[in-house]
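Notes to accompany the following structure.
Since we're looking at a predicted model, the values are computed, not measured.
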Amino acid sequence: MKIVAVEPFIMHLPLTQSSISDSTHNVTHWGVVGTRIRTDDGLEGYGFTGTHSHLTSDRLITSCISDCYAPLLIGEDANDRTRLWTKLARHPALQWVGRAGITHLALAAVDVALWDLAAKKAQMPLWKFLGGQGTQRLEGYNTDIGWLSFTQDELVAGSKRAVEVDGFTRIKLKVGHDDPTTDIDRLTAVRAAVGPSVRIAIDGNGKWDLPTCLRFCAQATPLDIFWFEEPLWYDDVASHAALARATSIPVALGEQLYTLDAFKAFLSAGALSFVQPDVTRLAGITEYIQVADLAHAHRLPVVPHAGEMSQVHVHLSYWHPASTILEYIPWIKDHFEEPIRVEGGVYALPQHPGAGTTPLAASLERFGQSLR
């Protein structure tokens, strides 16, 4: 499969609400920023990363793909995924300015497209191409009902609907008010509404410092919190380790970590209980696999960060034996040829060849943005 074209694209897709907020971010659209890779046998592979639809920075990603990576890819054999990942990730000039951020987001799109190509060539869904179904039942947890921008009444109503109507047994709620007692009140109201059997995870998006987290966890412990995600600044290994030692609430993180080495540092420090890799930060599936295997070697669960990458993460989760649950955020699913589906709180197993990353032509036409 000789690579003959590398063609970036940008889509800005509307959310399920007019806007959402967590403790750190406010979003009105989700950016699907990626590339199509064509080979001389007529196949097309698609990969993308997720952004906040900030067009100028989205263009930095597509510029990296077209101006930096494409010249290194044209003429190469698309089957050589590991070698090509290393060629791009370790290119001396690009490594000098990269190793995280824009270059990793761009490489993620390229790497996912190469895996999509390989699975399509084999006429298999990605999970099967990787080795088959390692997880028999993949439960979804609904995050789209738990935004910080929702009033307490909206939060309670959405949580009840997710459980009673949609069949979810897991939900995730955002926390991170300036006064953490506000979050305790909201969590208490939701717990009373959904009952004791529903698993409630929470997510701070890196907002609070260690003393605030310690006080909050002391108050939140009786609410039976399934995990506390990104309670502290993303790279602060020592504080996460201190929090993990001080509370019975498990710590989860990983969506903001860019390398295998970063995960190794957190795992070595005993700083987390749920490992949450994201193909967009890890420059694609190639390094994601290494992180998932590292977590599995520590006998820890792997729960990929979706937001919003479920199209490919559902394949990785059904394949890897350490994954049994996956975040559900339905912002972009209807813009792909095989959209993710959750029925009764459980993800449907994808059946189409590829990684689930092929966008609809109509969506590219309607929501596509200019690259320059």
Between Trp319 and Trp115, is the ring centre distance below 6.0 Å?
no

For Asp80, all residues meeting side chain to side chain donor-acceptor pair (under 3.5 Å), sequence neighbours excluded
Arg83

Tyr328: what forms a side chain to side chain donor-acceptor pair (under 3.5 Å) with it, not counting sequence neighbours?
none

Summary of ring pair (Phe, Tyr, Trp, His ring centres under 6.0 Å) pairs that have at least one residue in residues 349-372, sequence neighbours excluded:
His335-Phe367

Whether over 12 other heavy atoms sit under 6.0 Å from Asp179 CG
yes

With heavy-atom distances below 4.5 Å as the criterion, would you say the side chains of Pro125 and His315 are in contact?
yes

Could you check whether Asn205 and Lys174, counting side-chain N and O atoms only, form a donor-acceptor pair closer than 3.5 Å?
yes

Would you kindly say whether Glu7 and Thr35 are connected by a side-chain donor-acceptor distance under 3.5 Å?
no

Compile the donor-acceptor pairs under 3.5 Å between side chains in residues 240-249 and protein atoms, sequence neighbours left out, one pair per line.
{"unit_1": "His240", "atom_1": "ND1", "unit_2": "Asp236", "atom_2": "O", "d": "2.7"}
{"unit_1": "Thr247", "atom_1": "OG1", "unit_2": "Ile249", "atom_2": "N", "d": "3.1"}

Within the structure provided, determine whether Lys207 and Asp178 are in side-chain contact (heavy-atom separation under 4.5 Å).
yes

To the closest 0.5 Å, what do you measure between CD1 (Ile102) and OG1 (Thr51)?
9.5 Å

With a 6.0 Å cut-off on ring centres, are Phe336 and Tyr46 close enough?
no

Less than 4.0 Å between a side-chain N and a carboxylate O, is that true for Glu76 and Lys2?
no

Verdict with supporting geometry, Leu210 and Leu232, side-chain contact (heavy atoms from CB on, under 4.5 Å):
CA-CA 7 Å; Leu210 180 58; Leu232 300 148; 4.1 Å; yes

Any chance NZ of Lys172 has more than 12 other-residue heavy atoms, nucleotides or ligands included, within less than 6.0 Å?
yes

Polar side chain donor-acceptor pair, Thr221 to Gln219, under 3.5 angstrom
no

Residues, nucleotides or ligands: over 12 heavy atoms within 6.0 Å of Glu343 CD
yes

Taking atom CG of Leu13 and atom CG of Leu15, what is their separation to the nearest 0.5 Å?
9.0 Å

Would you call Asp293 and Lys264 a salt bridge, using N to O less than 4.0 angstrom?
no

If you group Ile, Leu, Val, Met, Phe, Trp and Tyr whenever their side-chain heavy atoms sit less than 4.5 Å apart, what else falls in with Tyr234?
Trp233

Run the side-chain contact (heavy atoms from CB on, under 4.5 Å) test against Gln351 and tell me which residues pass, sequence neighbours left out.
Glu338, Leu349

Could you list the residues that satisfy ring pair (Phe, Tyr, Trp, His ring centres under 6.0 Å) with His25, not counting sequence neighbours?
His52

Heavy atoms from other residues, nucleotides or ligands near NZ of Lys87 exceed 12 (cutoff 6.0 Å):
yes

Search all heavy atoms of Ser317 against all heavy atoms of Leu326 and return the closest pair with its distance.
OG-CD1, 4.0 Å

Testing the 3.5 Å rule here: is there a donor-acceptor pair between the side chains of Glu327 and Thr143?
yes

Pair Lys121-Thr39, side-chain donor/acceptor within less than 3.5 Å
no

Among all residues two or more places apart in sequence or in another chain, which pass the ring pair (Phe, Tyr, Trp, His ring centres under 6.0 Å) test with Phe263?
none

Sequence neighbours excluded, which residues qualify as side-chain contact (heavy atoms from CB on, under 4.5 Å) partners of Thr212?
Pro180, Trp208, Asp209, Arg215

Please determine, by modelled atom types, if Asp261 and Thr259 share a side-chain donor-acceptor pair under 3.5 angstrom.
no

4.5 Å side-chain heavy-atom contact, Val175 and Asp203:
no

Each residue besides Leu360 in its hydrophobic cluster should be listed here, by chain and number; the cluster joins Ile, Leu, Val, Met, Phe, Trp and Tyr at side-chain heavy-atom distances under 4.5 Å.
none

Compare all side-chain heavy atoms of Thr16 with those of Asp144 and state whether any distance is below 4.5 angstrom.
yes

Considering non-hydrogen atoms only, spot the tightest contact between Ala118 and Arg81 and give its length.
CB-NH1, 3.2 Å

Would you call Glu255 and Arg281 a salt bridge, using N to O less than 4.0 angstrom?
no

I need the Thr49 OG1 to Asp111 CG distance, nearest 0.5 Å.
12.0 Å

Cation-pi between Arg170 and Phe226: NZ/CZ under 6.0 Å from ring centre and within 45° of the ring axis?
yes

Contacts of Ser18 that satisfy side-chain contact (heavy atoms from CB on, under 4.5 Å) - sequence neighbours left out
none

Taking atom types as modelled, find out whether His54 and Ser57 have a side-chain donor-acceptor pair closer than 3.5 angstrom.
yes

Hey, does Gln256 have a side-chain heavy atom less than 4.5 Å from the side chain of His305?
no

Could you tell me which residues satisfy side-chain contact (heavy atoms from CB on, under 4.5 Å) with Ala283, sequence neighbours excluded, listed by chain and number?
Trp85, His104, Leu107

Thr151 versus Asp153, side-chain donor and acceptor atoms under 3.5 Å:
no

Please round to the nearest 0.5 Å and tell me the distance separating atom CG of Leu114 and atom CG of Asn79.
9.5 Å

